[in-house]
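Per chain, numbering begins at 1; letters A, B, ... match sequence-line order.
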Amino acid sequence: MQRKFRLTRSDDFKRVRQSGRSYAHPLVVLVARASDQPRVRVGVAAGRTVGNAVYRNRAKRLLREAMRPLVAGIPAGWDLILIARPGLTTATLTDTRVALDSLLRRAGLTPIHEA
RNA sequence: CAGGUUGGUCGGGCAGUCGCGGCUCCGCGUUGACGGGGUCGAGGAAAGUCCGCACUCCAUAGAGCACGGCGUCGGAUAGCACCCGGGGCGGGAAAGCCGCCGAGAGGCGCGAACCUGCCGGAACAGGGCCACAGAAACAAACAGCUACUCCUCCCUUACGGGCGGGGUAGUGAUGGUGAAACGGUGGUGUAAGAGACCACCGGCGCGUGCAGUAAUGCACGCGGCCAGGUAACCCCCGCCGGGAGCAAGGCCAAGCAGGAGCGAAUUCGUCUGUGGACGAUGGGAAACGGCUCGUUUCCACACGUGCCCUCCCCAACCGUGGGGAAGGCCAGCUCCGGGUAGGCUGCAUCGAGCGGCGCGGUGACGCACCGCCCAGAGAGAUGACUGCACAGGCGGAAGCAAUUCCGCUGGACAGAAUGCGGCUUAUAGACCGGCCUGAGGC
RNA sequence: CGGGGCGUGGCGCAGCCCGGCUAGCGCGCUUGCAUGGGGUGCAAGAGGUCGGAGGUUCAAAUCCUCUCGCCCCGA
């Protein structure tokens with residue numbers, strides 16, 4: 001996923017975490033909030049409960065890679081945060097993709113790629 | 001070859017597809033949050049942060065004190081308490097089959113390579129402590145032993161002797177306690193004893209010689225006869241150390257607040273110095289309690305309180321009220337200093353750099369030559385999928401066996417964040433050596 | 001990146017600086033008494049590798065070194 005689709009600033013994270021809606025899944029938590037930007041921005045996070053630095057990095061890579069083809073299908077003007085949970089360290093890419101699919105559907109940000 | 005032990009190297013490979021970050025080049029009817037090409041892109045520990053440096057800022061006349069660290073010898077290094085090579089004192093390791101015991105099984109002792117802890121003041125500069133036990137824990141006398149002497153009783157004609165008790169003196173052999181009790185064995189000696197004296201042994205100190213750069217070792221001689229342990233307790237001696245750290249530091253700098261100026265409008269309203277102190281309330285954050293509420297703590301360029309309250313006049317005891325004067329505030333713009341968010345830099349090719357080869361050194365390491373330029377993020381880039389071999393494991397088949405074939409499985413610990421050197425800790429497995437012991441062959 | 005602290009029965013803490021004593025205190029737990037029963041009360045009792053490893057010492061929870069885990073502070 002290219003950096004231009006990434007959520008990077010600390011203030012952005014704070015705003016989404018505070019006033020966004022959250023949707024939980026055993027592997028991932030999705031937090032979404034509308035923004036005034038003309039694009040979709042995604043941030044990923046992994047806390048210390050996920051594991052050591054290797055596992056945290058792996059979890060974030062999985063999330064970015066799984067999210068990459070989905071970004072185009074989401075309506076513009078949304079900021080998303082994906083928070084990794086401990087189970088993600090043993091999950092595969094397809095597991096992660098399924099999890100994200102269901103989360104986005106529940107959030108009403110249904111990808112249109114299967115059309 | 002087997003067993004033990006130890007050091008080093010590597011720690012996944014190749015190909016394809018998709019993708020990410022840095023640098024660089026190119027393209028354009030769409031100069032953009034664009035498209036494409038090239039190139040580079042994690043570790044031996046990147047980890048822990050236990051030491052040492054570089055670098056930066058602050059402080060600083062010099063010296064000393066305090067505090068902290070280090071402390072065998074020599075070397076290496078920019079530097080380092082931990083590196084390299086030695087020395088001393090321990091602890092472990094167990095091959096060996098040497099010695100002793102045993103009928104044997106076996107036991108005890110001796111013991112290679114190697115691993116490992118410690119190292120100034122041999123605790124006579126001084127202080128402290130050494131629980132319990134014990135008389136006593138550093139210079140002592142409980143029992144005991146010995147001599148002299150006193151008292152009671154007994155034996156004896158008497159001299160004298162004996163049991164018990166007391167006093168004075170000597171003693172450190174014996175006993176018991178303890179982790180530890182002031183060298184050991186044998187003798188001389190004595191009332192009894194004792195390094196009091198003698199021989200040998202152990203240990204200490206001094207001297208000489210030899211080996212070694214030295215620590216130290218060995219040999220010989222002499223000495224006084226012998227000194228408890230603890231400085232990972234204080235202390236003493238020597239050496240070293242100013243403090244903080246890339247969240248160091250430098251540059252730029254929204255917004256808000258502050259200052260200066262320009263300037264519009266109205267005399268309507270409102271306000272009144274500087275600096276500080278405090279926190280009932282309000283705002284924000286967090287925690288706690290079962291509750292729309294409360295408590296506690298914290299934060300600010302927020303707010304308030306009261307001290308205080310521009311000057312003059314009048315009323316009044318004060319609070320205060322009335323009137324006047326001066327100044328400020330109430331739109332916008334420009335500029336100024338500090339500086340928050342944020343950005344750039346430090347910081348990512350020129351270094352105590354990496355690779356190769358040669359030489360010197362036992363080694364840490366050094367020198368010479370040749371070649372190379374080698375991650376640089378900032379919510380944090382190196383990943384995903386597929387295939388193929390390669391080690392390994394499991395199962396099956398063939399074969400006397402070595403081995404071969406097939407299927408399944410499957411590759412640890414772990415992710416740079418200013419950069420180096422050392423240390424420590426985690427780590428599946430693979431490969432290559434060194435040393436010791438044993439067996440066999442030539 | 002730097003600094004500081006903590007780890008001791010089930011829980012919360014002493015003891016550590018200056019080594020020795022039975023590792024102590026409160027709550028909790030178990031048993032018994034008392035009550036019709038519960039609580040309260042009274043009496044008795046169990047329960048601790050002092051986070052782990054190594055060292056110094058005659059002797060270590062305490063001193064030294066390494067290590068593991070947790071918490072707090074500084075932009």
For A:Thr92, side chain to side chain donor-acceptor pair (under 3.5 Å) partners two or more places apart: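 By the side chain to side chain donor-acceptor pair (under 3.5 Å) rule, A:Thr92 matches A:Thr94, A:Asp95.
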
When syn is taken as a glycosidic angle within 90 degrees of 0, is [N] syn or anti?
N	value
B:rC374	syn
C:rG7	anti
B:rA42	syn
C:rC17	syn

Distances under 3.5 Å only, N/O to N/O: pair up the protein atoms with those of nucleotides 415-418 of chain B.
residue, atom, partner, partner atom, Å
B:rG415, OP2, A:Val54, N, 3.3

With a 4.0 Å cut-off on heavy atoms, is A:Arg58 in touch with a base, just the backbone sugar-phosphate, or nothing at all?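 Sugar-phosphate contact only.
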
Here RNA chain C, pairs taken as Watson-Crick or G-U under 3.5 Å and shown with ( ), [ ] when crossing and | when to another strand, reads (((((((..((((......[...)))).(((((.......))))).....(((((..]....)))))))))))).

- request: Verify the neighbour count for atom OH of A:Tyr55: are there more than 12 heavy atoms of other residues, nucleotides or ligands below 6.0 Å?
  value: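 Open: at most 12 neighbouring heavy atoms sit under 6.0 Å from OH of A:Tyr55.
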
With a 6.0 Å cut-off (strictly less than), is the heavy-atom count around CZ of A:Arg21, excluding the residue itself, greater than 12?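 Incorrect, the count does not exceed 12.
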
(message) Whole angstroms only, please: what is the NZ-P distance between A:Lys60 and B:rG383?
(response)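 Rounded to the whole Å, the gap is 15 Å.
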
> Can you check the A:Leu88 CG to B:rA384 P distance for me, whole Å?
Replying inline: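 Atom-to-atom, A:Leu88 to B:rA384, this comes out as 13 Å.
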
Quiz item: More 5' along RNA chain B: A:Leu62 or A:Ala45, using each one's nearest nucleotide?
Solution: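 Closer to the 5' end of RNA chain B: A:Ala45.
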
